[in-house]
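First the structure, in the form of structure tokens, and then the observations on it.
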Amino acid sequence: MIGKAYDRFTVDVEKGRLRAFAKAIGETNPIYLDEEAARKAGYQSIPAPPTFPFVAAMEANQPFLILADMGIDKTRSVHGEQHFTYHKPIVAGDVLVGQQRIVEMYDKKGGALTFIVTETRLENQLSEHVCDMRTVIVVRNS
Amino acid sequence: MKIPVRAADVTVGDALPPVTHGPVDRVQLALFAASSGDHNPIHLDDAVARANGLPGAIVHGMLSMAFLGQVLTGWVPQLQIRSFGTRFASMAYPGDMITCKGVVTAKEGEAGKALVKVDLRAENQKGETLLAGNAEILLS
């Protein structure tokens, strides 16, 4: 499984979705809610907050794809770690293209826990590299 | 207008302005579920959460991480954040107050352009660590 790359996925970054997400996380900075404020701050449209790239992966069902692929019941898994590396802003209207790979797998506690590490590269509609995500999924085996 | 944070003004050990959210309520969890695409019922339905060995519905880890990110976006423009990550250390529950803190641990580079490393932590009202993270910020 290590090294396995999943099919590329495409996600539209919708303005309404970004506003709804910003409100849900209690964001009050107007650049995340108002187009005019975003433009004044130098963005082409409302920017995606720092954790939003994971929403794109969720939208494309990426974390569950891996569990299903390995025959793991999702109720035995938890999100252990999440890391983002940022290259370019993601804004409303972007179309993200991502690809997830399994980069590492290891057991801990004598095999009671399996750690699955994935990396997802995200590009925008201009093929610009916007973000890399690293996700650690922890699976309880007992 | 907020005064921009400059590399020259930042010293190792500096605390970033903290961010507190809460008490986190069920409406917020529902709104987060809808807008994040994480519809897992363990965040919305106590019965399902209990059937999965939890004491009740739990707060989405990615909601707590979004709160933690506001320590960074409240300090510098988001464009200056190079990386941001966290470990999910323990679970938060509806009713919890979640306080997010950051402290500068390193500053690399010359005076005009520095990469600043920050340790981040989210804790509940009992002072228990929910998230243990870090970030890298570019300052000019």
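Side chains included, hydrogens not; waters and symmetry mates left out as well; all remaining heavy atoms used. Proteins come first, then strands; the chains are lettered A, B, ... in the order of their sequence lines, and each starts at number 1.
- For the pair B:S36 and A:V55, the tightest heavy-atom approach, listed with the atom from each and the gap, is O-CG1, 3.4 Å.
- Put simply, B:I98 and B:I58 are part of two different groups of oily side chains (I, L, V, M, F, W, Y) that touch within less than 4.5 Å, one to the next.
- For B:K107, the NZ atom counts as densely surrounded, since its 6.0 Å shell holds more than 12 non-hydrogen atoms of other residues, nucleotides or ligands.
- With a 4.5 Å cut-off on non-hydrogen atoms, A:A60 does not touch chain B at all.
- A continuous path of Ile, Leu, Val, Met, Phe, Trp and Tyr side chains, each step under 4.5 Å between heavy atoms, connects B:V104 with B:F84, placing both in one hydrophobic cluster.
- When heavy atoms are compared at a cutoff of 4.5 Å, A:F54 approaches chain B solely by way of its side chain, counted from C-beta outward.
- Crowding of A:Q44 atom CD: a count of heavy atoms from other residues, nucleotides or ligands under 6.0 Å not exceeding 12.
- Proximity to chain A (any heavy atom under 4.5 Å) is shown, for B:A132, by neither the backbone nor the side chain.
- Contact of the A:Y86 side chain with the B:L79 side chain is not registered, since no non-hydrogen atoms from C-beta on lie closer than 4.5 Å.
- Within the model, atoms CD of B:Q28 and NZ of A:K23 stand 13.5 Å from one another, a figure rounded to the nearest 0.5 Å.
- Residue contact with chain A, scored on non-hydrogen atoms closer than 4.5 Å, involves the side chain of B:F67 exclusively.
- Taking 4.5 Å as the limit, some side-chain heavy atom of B:T73 sits within range of a side-chain heavy atom of A:E27.
- Residues A:H79 and B:F88 approach most closely at O-CD1, 3.2 Å, considering heavy atoms.
- Chosen from B:H60, B:H21, B:R82, B:E136, the residue pairing most often with chain A at heavy-atom distances under 4.5 Å is B:R82.
- For the atom pair CD1 (B:I42) and NZ (A:K74), the distance works out to 10.0 Å, reported to the nearest 0.5 Å.
- Surrounding CG of A:D7 are at most 12 heavy atoms belonging to other residues, nucleotides or ligands under 6.0 Å away.
- In the displayed structure, A:R76 atom CZ is contacted under 6.0 Å by more than 12 heavy atoms of other residues, nucleotides or ligands.
- Counting heavy-atom pairs under 4.5 Å between each of A:G26, A:A20, A:P49, A:G80 and chain B puts A:G80 at the top.
- Residues B:Q78 and A:P50 are in side-chain contact: their nearest non-hydrogen atoms beyond the backbone lie under 4.5 Å apart.
- Under a hydrophobic clustering in which Ile, Leu, Val, Met, Phe, Trp and Tyr are joined whenever their side-chain heavy atoms come within less than 4.5 Å, directly or via other members, A:V95 and A:L126 fall into different clusters.
- Criterion: ILVMFWY side-chain heavy atoms under 4.5 Å apart, direct or through other members. Under it, A:L65 and A:I137 are part of a common hydrophobic cluster.
- Highest contact tally toward chain B, considering only A:Q82, A:R134, A:R19, is held by A:Q82 [criterion: heavy-atom pairs under 4.5 Å].
- Of the listed residues (B:S35, B:A33, B:A89), the greatest number of heavy-atom pairs within a distance under 4.5 Å of chain A belongs to B:S35.
- Separation of atoms NE2 (B:H39) and CE (A:M58) is listed at 7.5 Å; rounding is to 0.5 Å.
- Proximity to chain B (any heavy atom under 4.5 Å) is shown, for A:F64, by neither the backbone nor the side chain.
- With hydrophobic clusters built from ILVMFWY side chains whose heavy atoms lie under 4.5 angstrom apart, A:V91 does not share a cluster with A:F52.
- The choice from A:T85, A:N61, A:I25 that makes the most heavy-atom pairs within less than 4.5 Å of chain B is A:I25.
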